[in-house]
Undergrad: 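Dropping the structure in here first, questions after.
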Amino acid sequence: MDDDDDDDDDDDVASFPRHTIREKWGKKGRKVRLIPAISSSLLTLALADLKGTLAFLISSISTLADRFDFKSKKKKRRGFYRVRMLWIMRFSGFFSAAMVMIVLSPSLQSFPPAEAIRSSHLDDVLRFSGQIPSADRFSFRKASTFRNAAECGRRALGKRGVCDPSLVHVAITLDVEYLRGSIAAVHSILQHSMCPESVFFHFLVSDTGLETLVRSTFPKVKFKVYYFDPEIVKSLISTSVRQALEQPLNYARNYLADLLEPCVRRVIYLDSDLVVVDDISKLWTTSLGKKTIGAPEYCHANFTKYFTEAFWSNRKFSGAFIGRNPCYFNTGVMVMDLVKWRRFGYTKRIERWMEIQKSGRIYELGSLPPFLLVFAGHVAPIEHRWNQHGLGGDNVRGSCRDLHPGPVSLLHWSGSGKPWLRLDAKQSCPLDSLWAPYDLYGNSS
């Protein structure tokens, strides 16, 4: 799923130079947005009413001129009252049309900051393709069979199955909206792994119909599908800057310790909008020391912006960071020690902050802030090369961005712009071409 950058996340924080050659903006820098069908219909009716009123105005002026004798300077009263009543009725229609236009016009209405940039979780797709296809309409090419290098040896999934201690465990969500991204992520991991037969994928789903599709695309891959019940977290989710960040599956990462087998002691969690361009085993062997999670940190970021004034003005809440040196980290790429997670009950701690958010708004983003509240300042640092995030732009415009300086092992399109949508729309950013080789959708090359 997406980050709050969610990745979402979702929340990318660095200032990137922007490419201007591919951005689609209006004359005043405003991005063109689709108006939902119902709003479009109402606006059409309003414009029609306005047009009718103008036509009536011209007609009425002609009628009144007819009723007036310019030589005698006397009004001909015949039909005058009928015209006046028609004017009252038409003015009422004009007033209604004007009110509809005011309500629907984004430029004339003001919203609270968070609401002003919220969009439907379908907006990104609607902007380019018109609608989200159902799962049975997806068609992916079968991936090549990836074998271990000689130094890895051939490895079959033995009696120990998922509990085999030599396996590299990777967790990714699968849903219809981001399925194309998830498939590309898996493909990239396999293609760059020295020992792809040692990678075990844990797919988190809310739609059980996706397993067959994955099996047909990756017939030789070791994986297991875990059903995540949206009802577990629905009552805890609050509104965010993008409705995509409000989807229950975005919160499935909070429950990995409960969903996965107890014998799985460590897992790499990855978002669906990324590709790995290095051997995943290098990330797997990262030392976490005494920490529960590891992730690339960005300590130059303005950490205070992730929480509201109500949070910082309440010492009961802001006191959570006393004695810590909190830094922003993106939750779309994490190495997680599930043994420690279970021991210290971190799922309940995250849920507690979500409950507080429901009763008194302390942040504006999705699944990221609860992670920051629980873990920021207690994260094992991982090299930035493992999360070159923010390639999807911000949560509003999804503009093109450059890479962070330094080496790259993972490219992450956190933010609102997704490479598969921009490529299909022929509105791609330069870096989207780095995602395309891993795309197995349809007849794409």
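Just so it is clear, the structure is predicted and the values come from calculations on it, not from any experiment.
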Undergrad: Anything under 30° is parallel, anything over 60° is perpendicular, the rest tilted; go ahead and classify Tyr328 against His389.
TA: tilted

Undergrad: OG1 of Thr173 to CZ of Phe203: how many Å apart, nearest 0.5 Å?
TA: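 Atom-to-atom, Thr173:OG1 and Phe203:CZ are 10.0 Å apart.
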
Undergrad: Is it the case that the side chain of Glu383 and the backbone of Pro296 share a donor-acceptor pair, with hydrogens and angles ignored and the cut-off at 3.5 Å?
TA: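 Absent.
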
Undergrad: How about Lys291 and Asp337: do any of their side-chain heavy atoms sit closer than 4.5 Å?
TA: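 Heavy-atom side-chain distance check fails, nothing below 4.5 Å.
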
Undergrad: Decide yes or no on side chain to side chain contact (heavy atoms under 4.5 Å, CB included) for His187 and Phe146, but give the supporting numbers first.
TA: CA-CA 10 Å; His187 191 206; Phe146 296 93; 3.9 Å; yes

Undergrad: Any chance you could measure Leu249, atom CG, to Ser367, atom OG, to the nearest 0.5 Å?
TA: 10.5 Å

Undergrad: Taking C-beta and beyond as the side chain, do Leu179 and Leu174 meet within less than 4.5 Å on heavy atoms?
TA: yes

Undergrad: Would you please indicate yes or no on a ring centroid separation below 6.0 angstrom for Phe303 and Phe321?
TA: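 Distance test on ring centres: under 6.0 Å, yes.
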
Undergrad: Within the 3.5 Å criterion, strictly below it, is a donor on Tyr255 or Glu351 matched to an acceptor on the partner's side chain?
TA: yes

Undergrad: Would Tyr251 and Phe228 count as a ring pair (Phe, Tyr, Trp, His ring centres under 6.0 Å) if you check the C-alpha gap in whole Å, the side-chain angles of each, and the deciding distance to 0.1 Å?
TA: CA-CA 10 Å; Tyr251 296 83; Phe228 177 70; 8.7 Å; no

Undergrad: Looking only at heavy atoms, which two atoms of Leu288 and Met336 are closest? And how far apart?
TA: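 Looks like CD1-C, 4.4 Å.
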
Undergrad: Set out, in order, the CA-CA distance, both residues' side-chain angles and the distance that settles salt bridge (charged side-chain N to carboxylate O under 4.0 Å, His left out) for Arg147 and Glu197, then state yes or no.
TA: CA-CA 6 Å; Arg147 299 295 186 188; Glu197 294 175 275; 3.5 Å; yes

Undergrad: Do the non-hydrogen side-chain atoms of Arg253 and Thr331 ever get within less than 4.5 Å of each other?
TA: yes

Undergrad: Parallel, tilted or perpendicular, judged at 30° and 60°: which one describes the rings of Phe371 and Phe329?
TA: perpendicular

Undergrad: Looking at NZ of Lys222 and CZ of Phe201, how far apart are the two atoms once the value is rounded to the nearest 0.5 Å?
TA: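 Lys222 atom NZ to Phe201 atom CZ measures 10.5 Å (nearest 0.5 Å).
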
Undergrad: With ring pair (Phe, Tyr, Trp, His ring centres under 6.0 Å) as the test, would you mind laying out the steps for His202 and Phe223 before giving the verdict?
TA: CA-CA 6 Å; His202 304 263; Phe223 74 86; over 10 Å; no

Undergrad: By side-chain contact (heavy atoms from CB on, under 4.5 Å), which residues pair with Asp278, not counting sequence neighbours?
TA: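 Asp278 satisfies side-chain contact (heavy atoms from CB on, under 4.5 Å) with Lys282, Arg385, Trp386, Ser409 only.
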
Undergrad: Where do Ile280 and Ser193 come nearest, in terms of heavy atoms and distance?
TA: CG2-OG, 3.6 Å

Undergrad: Main chain of Tyr363, side chain of Gln357: is a donor-acceptor contact present, judged purely on distance under 3.5 Å?
TA: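 Yes, Gln357 side chain to Tyr363 backbone: donor-acceptor pair under 3.5 Å.
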
Undergrad: How about Tyr269 and His169: are their ring centres within less than 6.0 Å of each other?
TA: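 No, too far apart.
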
Undergrad: Should Leu403 and Leu391 count as side-chain neighbours, where that means a heavy-atom distance under 4.5 Å?
TA: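 Yes; the side chains approach each other to less than 4.5 Å.
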
Undergrad: For a side chain to side chain contact (heavy atoms under 4.5 Å, CB included) check, start with the C-alpha distance between Glu297 and Val379, then their side-chain angles and the critical distance, and finish with the verdict.
TA: CA-CA 8 Å; Glu297 292 184 292; Val379 176; 3.7 Å; yes

Undergrad: Indicate yes or no for a side-chain donor-acceptor contact from Arg266 to the backbone of Leu338 under 3.5 Å, with no hydrogens or angles considered.
TA: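 Absent.
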
Undergrad: Just to verify, what does Trp341 make a side chain to side chain donor-acceptor pair (under 3.5 Å) with, not counting sequence neighbours?
TA: Thr347

Undergrad: Could you tell me whether the side chains of Thr217 and Arg141 share a donor-acceptor contact shorter than 3.5 Å?
TA: no

Undergrad: Shortest non-hydrogen contact from Gly294 to Ile382?
TA: C-CD1, 3.3 Å

Undergrad: Which pair of non-hydrogen atoms, one from Trp435 and one from Gly181, has the smallest distance, and what is that distance?
TA: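 Looking at all heavy atoms of both residues, the shortest contact is CZ2-CA, 4.3 Å.
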
Undergrad: Are Lys358 and Glu355 close enough for a salt bridge, meaning some N to O gap below 4.0 Å?
TA: no

Undergrad: Starting from the C-alpha separation in whole Å, work towards a yes-or-no answer on side-chain hydrogen bond (donor to acceptor under 3.5 Å, both in side chains) for Asp279 and His192.
TA: CA-CA 5 Å; Asp279 192 338; His192 292 282; over 6 Å; no

Undergrad: Examine the side chains of His384 and Tyr298 and answer whether a donor and an acceptor come within less than 3.5 Å of each other.
TA: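 Distance-only check fails for His384 and Tyr298.
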
Undergrad: Would you compute the distance between atom CG of Leu410 and atom OG of Ser188 and round it to the nearest 0.5 angstrom?
TA: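 Nearest 0.5 Å value for the CG-OG distance: 7.5 Å.
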
Undergrad: In Å and rounded to the nearest 0.5 Å, what is the CG to OG distance from Leu274 to Ser414?
TA: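 That separation rounds to 9.0 Å.
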
Undergrad: Count the heavy atoms belonging to other residues, nucleotides or ligands that lie under 6.0 Å from NZ of Lys220, then report whether that count exceeds 12.
TA: no

Undergrad: With side chain to side chain contact (heavy atoms under 4.5 Å, CB included) as the test, would you mind laying out the steps for Val335 and Ile293 before giving the verdict?
TA: CA-CA 6 Å; Val335 181; Ile293 68 169; over 6 Å; no

Undergrad: So, Trp420 and Asp273: side-chain donor and acceptor under 3.5 Å apart, yes or no?
TA: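 No pair is found: no donor N or O on one side chain lies under 3.5 Å from an acceptor on the other.
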
Undergrad: Test side-chain hydrogen bond (donor to acceptor under 3.5 Å, both in side chains) on Tyr178 and Gln247; report intermediate values, then the result.
TA: CA-CA 12 Å; Tyr178 285 85; Gln247 300 308 300; over 6 Å; no

Undergrad: Is the shortest side-chain heavy-atom distance between Thr286 and Trp284 below 4.5 Å?
TA: no

Undergrad: Are any non-hydrogen side-chain atoms of Cys400 and Leu431 less than 4.5 angstrom apart?
TA: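 No; the side chains remain at least 4.5 Å from each other.
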
Undergrad: Please examine the side chains of Trp413 and Leu421, heavy atoms only from C-beta on, and report whether any two atoms are closer than 4.5 Å.
TA: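 SC-SC contact between Leu421 and Trp413 ruled out.
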
Undergrad: Judged by atom type as modelled, is there a donor-acceptor pair below 3.5 Å linking the side chain of Asp164 to the main-chain atoms of Gly161?
TA: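 Such a contact is absent between Asp164 side chain and Gly161 backbone.
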
Undergrad: Apply side chain to side chain contact (heavy atoms under 4.5 Å, CB included) to the pair Ile172 and Val186, showing each step before the final yes or no.
TA: CA-CA 9 Å; Ile172 299 179; Val186 172; 4.0 Å; yes

Undergrad: For the atom pair CG (Leu373) and CH2 (Trp353), what is the distance rounded to the nearest 0.5 Å?
TA: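 Here the rounded value is 5.0 Å.
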
Undergrad: Taking the side chain as C-beta and beyond, is there a heavy-atom pair between Ser198 and Asn148 under 4.5 Å?
TA: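 Yes. Closest side-chain heavy atoms under 4.5 Å.
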
Undergrad: Aromatic ring centroids of Phe317 and Phe307 under 6.0 Å?
TA: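 Centroid separation for Phe317 and Phe307: 6.0 Å or greater.
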
Undergrad: What heavy-atom pair brings Arg361 and Ala310 nearest, and what distance separates the two atoms?
TA: O-CB, 3.9 Å

Undergrad: What are the two closest non-hydrogen atoms of Ala171 and Leu256, and how far apart are they?
TA: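 Smallest interatomic distance, heavy atoms only, reads CB-CD2, 3.8 Å.
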
